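To start, the structure itself, in structure tokens.
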Amino acid sequence: MEEGDEIIVPEPTFSEYAFGAHLMNGAVVKVPFDEKYSYNADNLLAAVTSKTKLIYLCSPNNPTGTYLPEADLRRLLERLPARVLVVIDTAYRHYATASDYSDGVELIREGYPLLALNTFSKIYGLAGIRVGFGIAPESVIRTLLKVKEPFNVNALAQAGAQAALTDYEHIEASRAMNEAGREQLYSGLRKLAIPFTESMANYVLVELGEEADRIYNQLLQRGIIIRSAKGWGLHQHVRISVGTEKENHILLEALAELV
Ligand SMILES: *Cc1c(COP(=O)(O)O)cnc(C)c1O
């Protein structure tokens with residue numbers, strides 16, 4: 001990124017992409033989601049200018065839980081000018097159960113200029129060890145290596161990450177528990193007639209309306225921490241993490257009293 005270069009981000013999404021661009025004096029072009037926060041690949045393509053360097057995709061997206069289907073990702077990659085690098089943040093990929101979800105790896109194998117970002121902070125439960133990794137074609141990685149500092153992820157964190165990668169039992173147990181928890185939240189929210197966006201992640205974006213702030217604060221007083229979505233400009237929404245069956249139950253009971 002040089003001064004004046006542009007990145008394209010969906011809106012609303014994880015704030016780090018814009019943060020990084022601002023550090024480099026780049027400009028951030030925000031492309032709103034369609035209805036129900038679904039991605040629109042054509043709108044992303046239409047936002048490309050001669051100054052576009054990067055397109056960030058967050059799939060599943062934080063905070064909406066929506067994702068870019070594989071066919072749309074492929075179409076995007078086929079139509080973009082070669083100088084534009086697509087970065088797909090797949091922090092929540094393990095939770096995605098839709099059959100047309102793509103974590104980008106297949107497309108990278110096919111040679112598309114795509115960088116897939118991964119973290120140990122989500123399903124692996126290792127946010128404190130500060131490790132992630134990226135997958136990209138060799139030419140992209142060679143470019144990154146020109147600016148990468150020589151100091152690496154520390155050896156303890158590497159050992160933890162390496163062990164976590166093949167802990168399939170943990171991954172599958174977490175994934176299954178999250179899928180059941182999402183369904184539990186959906187059915188509880190439907191009973192309360194509270195609108196929400198179906199999620200491929202481990203949280204659900206919920207629309208509480210004008211009372212969102214009051215409900216958020218009253219839940220907090222009861223020791224139930226959800227996330228206000230105000231920081232994303234969604235003043236009538238909250239983002240609720242999927243908990244254990246018991247936690248989800250306690251939350252739904254409290255919501256029934258407060259809404
Ligand atoms: C949590 C998260 C990350 C990963 O953050 P770490 O710095 O690896 O802990 C990346 N992208 C999104 C969208 C996230 O929500």
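Source: prediction; values computed, not measured. Each ligand, and each atom within it, is numbered from 1 in the order the structure gives.
At least one heavy atom of Tyr92 sits less than 4.0 Å from an atom of ligand 1.
The distance from the CG atom of Asp89 to the OG1 atom of Thr13 is 7.5 Å, given to the nearest 0.5 Å.
For ligand 1 and Arg130, the ligand atoms under 4.0 Å from any heavy atom of the residue are 6 (P), 7 (O), 9 (O). Against a heavy-atom cut-off of under 4.0 Å, Lys122 is close to the following atoms of ligand 1: 1 (C), 2 (C), 3 (C), 4 (C), 14 (C), 15 (O). Residue Cys58 approaches ligand 1 through these ligand atoms, each under 4.0 Å from one of its heavy atoms: 13 (C).
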Subject >> Audit row: Arg182, Glu245, salt bridge (charged side-chain N to carboxylate O under 4.0 Å, His left out) steps and yes/no >> reply: CA-CA 10 Å; Arg182 274 191 322 224; Glu245 188 184 350; over 6 Å; no
**OP:** Please assess Arg74 against Glu110 for the test salt bridge (charged side-chain N to carboxylate O under 4.0 Å, His left out), listing each intermediate value before the final yes or no.
**Re:** CA-CA 11 Å; Arg74 190 175 284 277; Glu110 289 176 29; 2.8 Å; yes
**OP:** Verify side chain to side chain donor-acceptor pair (under 3.5 Å) between Thr66 and Asn61, making sure each step is shown before the conclusion.
**Re:** CA-CA 5 Å; Thr66 47; Asn61 184 53; 4.7 Å; no
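Distances from atom 12 (C) of ligand 1 to the heavy atoms of Leu117, Thr13, Asp89, Asn62 show the closest one on Asp89.
Of the polar atoms of Ser121, at least one N or O is found under 3.5 Å from an N or O of ligand 1, judged by distance alone.
Of all the heavy atoms of Ala127, none lies under 4.0 Å from any atom of ligand 1, so neither backbone nor side chain is involved.
Ring orientation note: the planes of Tyr203 and Tyr92 are nearly perpendicular, at an angle over 60° on the 30°/60° scale. Between Phe120 and Phe133, the two ring planes are tilted [angle within 30° to 60°].
The protein non-hydrogen atom at the shortest distance from atom 8 (O) of ligand 1 is Thr119 OG1, 2.6 Å.
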